[in-house]
J.: 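Just passing along the structure, written as structure tokens.
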Amino acid sequence: MDLQCVELLLWAFFLSLFSRVAGNVIYRVPEEQPPNTLIASLAADEGLPDSGHLYKLEVGAPYLRVDGKTGDIFTTEVPIDRENLKDCRNLFEGEPCILEFEVSITDLNQNQGPRLIEGKIEVLDVNDNTPQFPSPILTLSIPENTHVGALFSIPVATDKDSGHNGVADYALPNGPDTPGLFGLQVAEDQGEKLPQLIVMGSLDREQKDSYDLSIKVVDGGSPPRYSSALLRIIITDANDNAPKFEKSIYEAELPENSPVGHSVLQVKANDSDMGPNGEIDYSLYQPNDAVQRLLRIDRSTGIISVKGPVDREEISILKFYVMARDRGPNSKSSKVFVIITVKDQNDNAPTIEIRGIGLVTHQNGIANISEDMPIGTPVALVQVSDRDEGENAVVTCVVAGDVPFQLRPASEAPSDRKRKYFLQTTTLLDYERVKDYRIEIVAVDSGNPALSSTNSLKVQVMDVNDNSPVFSPSLFEVDFPEENQPGDKVLDVVATDADSGTNAELIYSIMDSSMKALFDINPNTGEVQMRTQLDREQRERYEFHVAAADKGVPSLRGTATVVVRVLDRNDNDPKFMLSSYSFSVLENMPPLSPVGMVTVIDADKGENARVHLSVEPDNGKFVIQNGTGTILSSISFDREKESTYTFRLKAVDAGDPPRSSYVGVTINVLDENDNAPYVTKPSNSTYKYLPLVTNPETQVEVVEAEDIDTGANSELTYSITGGNPHGLFRISPMSGEITLAKEFTQKHNGLHRLVVKVTDKGKPPRHTTALVHFYVNETMNNVTLVESLVGHSLYTPLDTDIAGDPEYSRAAQRSNILYGSLAGIAVVILIIVVVMVIRYRLQKEAKSGYQAGKKETKDLYAPKQGPKSNKSKKGKKGKAPKPAKPLEEDEEANRQKTLKFNLINDGVNDSPRIHLPLNYPPGSPDLGRHYRSNSPLPSIQLQPQSPSASKKHQAVQDLPATNTFVGTGDNNSTGSDQYSDYSYKANPPKYSNKQRQKTPREC
């Protein structure tokens, strides 16, 4: 509430300033008033009636305008800024800022010439500028032995405002590190506030060599404005005496147009110190722009000379300070005030300005006047001025030649520098006798030597009502918003007629009949109004012609063109080209790939049609490019995780208020064959027991697999790619059902490993390899052995067939070899003894089991050599067994072919130790008990992990999860690396679905 009261009081104060000084046409107005602010009312002030007079502003544009009917003077769109007015830029304190104006008043009721009113407007300062220091950091040097009470000048602040709005006071609050050391005294010199620092305490440079204070300057405005600067005080060594000028003030005169280098005056200061402390440098102290541009000072001698061209008409007086500073290490300074008055030279000839007055307008130096004008009718206003001063500015003005015109003073109190005259008729003009006159005006000043100038005016005598109405300008352009109401004003078209009376009375009309349904014009005032509502989206520009016809006989008419540009309003929502959008994209596209493009339009224009697109909800998965409408993905799509994305696009225009619209977007992710099948049943480490009597065409197992892709990418085919050398098994390509194709025989007893390949129909196809184990035998008594055989199978290369009894065909051969050996022993006793010794040692080594580091030569599935019998001697004849390949070669070949598997570790480490002896007693009922492993492992131990005998024998390949060995068309198998100790678990469980999705690897 208090703030509102203060504002009301301030406005009342400003309005009180719009006053007129009695006796003179002088008004006062604060600067920076808004447009159309009333300054004065000439009709009321001059005692004229409110109607029947024509008021015209002759001088004062562009800051002022005059109402032609009432004579009221208003401000315009161009603000009156006191600090930027040309005549007010170099004012000194207390000098008023004056804005001159001239208004001509013509009585339309009486046939008389116009009268001229000259006035002045004093532009009052408003506190619209903040005082400023010359620098944000002020440095002041003070000797350390300065006595208490010494004063040091602080650089003054300046304020573009004047009077009480200028610099009013300074403040220097003490900081925490300067308690009571410094104070501030504000002196005044010729109306200027001079801040001075007072030393109030003892200064010791060795204790502290500088102090930083904040100095504040405040103006006297309401509310006050202020600013601050950092005052840095440097404590220096002693310098006892400051320079002292010989005079307290220096004054000199400088003729204008003095050459550069011309000496104006010399300032001189003395310093009682010796050496550098007594040597003095002179400088201009904080000079203004004019001083800095026109003058320079010699640093050593103090001679002030001309630096630039001096023009008294531009700068008539220069006021500034000169500083004298000694050259001591802790320099001292003093300053003196200098006033230089620029002396006038008669270097400017008088200027003659001729312009129209009242109803008489001038164009291209020609004035038109009707022949029925009375004697004494002003034809022009002549202003004669001289920029010089004194006698050089006293001007005599005459009309040369024999013409019926004379000059009459237009102002009752003319100034010496500027005189105004009416150029008026001395006789009645006759159009039929003389149609035009060339009038030459001569002006001579009183200088020595005198300077003169001439100017001329052509006066054309016009016949009665021979002037057509004229629009000014002839083209009216206006911006008009759409969605208007009928009857809204569009613009005023105004025409003038140089005639008078009824010959100057105008009637306005619209000439284009097609536009009369849209626009209407007042026939008397020329005000154009709307008849209907405009829609810019239908039409944004209208052009038609208006006419102004006078009432003379015959009537004359003038025309003008009116262009109405319809301004846009934000009355249309952004519109997507489709009601919804659906795009299909391939999965696995990289982030920031384009997934679609939308198009949005806005029927509005400009900012109202500038549309911004955004994604809602903004979850970071999609972004849209404004300008192109391209939708980009911030993620890489995985159809198996998410196959469809839906969101909305929001389109918002830049109107005020903004308008928006939405559209739904669906992104369908198309499948790619990026997932290999995975087998869910059976597990690689499981087996199925098949009796020897199993009938052919019996379904013995089903391989079940899944593929998380879709379509052809998830359609699977099954095939047996290894481990079926006898053709015992076949698999359905579509269902994965494994059936027995042939009957089992004795040679088929043992472990069978089928390598099943599961392939999808994608492009390119992906596949998975699985192991299916069958154990064929009459009985199933030794489960542990079968599990160990399955465990060894997992580490056997896939290109090695494991199919029943590998030694069956070679049993007869071994029997023949045995019989031959016995016959040789009978013939040669020595050979028999040697053979027996060798046989004894071999049996001893065989019974001792596996020894670390010892190489065995037996094959994995070689049956144990039983005792000789007659039955065996009568067995099938066969070839002699091939010598066993050295283990080093087997290991190297195995290492090149091995397929790397991941062994399933169930985490159970407390299984009991199981030893599988290599030798079994004869007559064992289970054929599997006669098998002996050719692996480097003589025994399989299920126990907590223990350190291996050496790194060379550690298992470096693990069986992959469940049955999955994935590939993309490479059917070549590889073997595993060298190994020694293995730990197996019977019947390990299958992987979870989560493991199935993460563990497959491509071969």
Side-chain angles (χ1 to χ4, degrees), residues 574 576-601 610-652 661-679 705-717 758-769 900 902 960-962 964-971 991-1003:
F576 290 91
M577 297 302 292
L578 299 178
S579 58
S580 64
Y581 290 87
S582 179
F583 304 103
S584 297
V585 296
L586 291 174
E587 63 177 338
N588 300 322
M589 290 174 58
L592 297 181
S593 296
V595 299
M597 180 179 292
V598 299
T599 303
V600 61
I601 59 174
R610 185 168 60 85
V611 179
H612 176 79
L613 296 172
S614 61
V615 178
E616 289 189 359
D618 188 8
N619 54 14
K621 295 182 180 180
F622 297 92
V623 296
I624 187 164
Q625 290 181 340
N626 280 284
T628 64
T630 302
I631 302 174
L632 305 176
S633 65
S634 301
I635 60 173
S636 181
F637 298 109
D638 188 349
R639 189 207 59 79
E640 288 71 29
K641 293 182 179 179
E642 192 167 359
S643 61
T644 303
Y645 297 83
T646 59
F647 53 89
R648 292 195 311 172
L649 290 180
K650 182 180 181 181
V652 182
S661 62
Y662 297 85
V663 71
V665 178
T666 300
I667 305 296
N668 298 309
V669 183
L670 302 180
D671 185 61
E672 279 191 337
N673 192 25
D674 58 342
N675 294 280
Y678 61 91
V679 178
E706 296 178 3
D707 194 320
I708 60 177
D709 292 321
T710 60
N713 297 330
S714 65
E715 297 178 7
L716 306 180
T717 60
V758 185
T759 307
D760 62 27
K761 296 183 179 180
K763 293 184 179 180
R766 292 180 177 268
H767 71 267
T768 293
T769 302
K900 297 182 180 180
N902 290 323
T962 65
T964 307
F965 306 87
V966 297
T968 57
D970 185 5
N971 295 324
Y991 281 110
S992 64
N993 290 333
K994 184 175 181 182
Q995 290 172 320
R996 292 192 194 106
Q997 296 176 7
K998 294 183 179 180
T999 58
R1001 301 183 300 176
E1002 293 187 354
C1003 299

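Note that the numbering runs from 1 along the sequence shown for the chain. Predicted model, so just to flag it, every value in this text is computed and none were measured.
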J.: Measure the spacing between CG of Asp760 and NE2 of His767 and express it to the nearest 0.5 Å.
T.: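 Asp760 atom CG to His767 atom NE2 measures 10.0 Å (nearest 0.5 Å).
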J.: How many angstroms lie between CD1 in Ile635 and CE in Met589, if you round to the nearest 0.5 Å?
T.: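 Here the interatomic distance stands at 11.0 Å.
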J.: If you count the non-hydrogen atoms of other residues, nucleotides and ligands that lie under 6.0 Å from CE in Met577, is the total more than 12?
T.: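 No - once you tally the heavy atoms of other residues, nucleotides and ligands closer than 6.0 Å, there are 12 at most.
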J.: In Å and rounded to the nearest 0.5 Å, what is the CG to CG distance from Asn588 to Asn673?
T.: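 Answer for the CG-CG pair, Asn588 versus Asn673, is 10.5 Å.
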J.: Does the side chain of Tyr581 reach to within under 4.5 Å of the side chain of Leu649, using non-hydrogen atoms?
T.: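 The answer is no, as the side chains (C-beta and beyond) never meet within the 4.5 Å cut-off.
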J.: Compare every heavy atom of Asn713 with every heavy atom of Asp671, then report the nearest pair and how far apart it is.
T.: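 Scanning both residues completely, I find the closest heavy atoms to be OD2-ND2, 2.6 Å.
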J.: Is there a donor-acceptor contact under 3.5 Å linking the side chains of Asp709 and Asn675?
T.: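 There is such a pair (donor and acceptor under 3.5 Å, judged by atom type) between the side chains of Asp709 and Asn675.
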J.: Could you give the distance from CZ (Phe583) to OG1 (Thr666), rounded to the nearest 0.5 Å?
T.: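 If I round to the nearest 0.5 Å, the distance is 9.5 Å.
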J.: In sequence, state the C-alpha distance, the side-chain angles, and the governing distance for Asn619 and Phe647, and then conclude on side chain to side chain contact (heavy atoms under 4.5 Å, CB included).
T.: CA-CA 10 Å; Asn619 54 14; Phe647 53 89; over 6 Å; no
J.: Which of these, Thr759, Val758, Thr717, sits in a side-chain contact (heavy atoms from CB on, under 4.5 Å) with Pro677?
T.: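 The side-chain contact (heavy atoms from CB on, under 4.5 Å) with Pro677 is passed solely by Val758 among Thr759, Val758, Thr717.
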J.: Work out which heavy atom in Leu613 is nearest to a heavy atom in Ala651; give both atom names and the distance.
T.: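 Result for this residue pair: CD2-CB, 3.6 Å.
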J.: Check whether any side-chain N or O of Glu587 sits under 3.5 Å from a backbone N or O of Arg639 as a donor-acceptor pair, and report yes or no.
T.: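 Side chain of Glu587 to backbone of Arg639: a pair is present.
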J.: Heavy-atom distance under 4.5 Å between the side chains of Glu706 and Leu716, does that happen here?
T.: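 A side-chain contact is absent here, since even the closest heavy-atom pair is not under 4.5 Å.
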J.: In Å and rounded to the nearest 0.5 Å, what is the OG to CG distance from Ser636 to Leu592?
T.: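 One finds 11.0 Å between OG of Ser636 and CG of Leu592.
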J.: Can you confirm whether Phe637 sits close enough to Leu670 that some side-chain heavy atom of one is under 4.5 Å from a side-chain heavy atom of the other?
T.: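 No. Closest side-chain heavy atoms not under 4.5 Å.
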J.: Val615 and side-chain contact (heavy atoms from CB on, under 4.5 Å): which partner among Val665, Leu632, Ile624?
T.: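 So the option named by the test is Ile624.
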J.: Roughly how far, to the nearest 0.5 Å, is CZ of Arg648 from CG of Asp618?
T.: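 Here the rounded value is 13.0 Å.
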J.: Between the main-chain N or O of Gly620 and the side-chain N or O of Ser634, is there a donor-acceptor pair closer than 3.5 Å?
T.: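 Answer holds: yes.
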J.: Under 4.5 Å between any side-chain heavy atoms of Val663 and Leu578, yes or no?
T.: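 No; the side chains remain at least 4.5 Å from each other.
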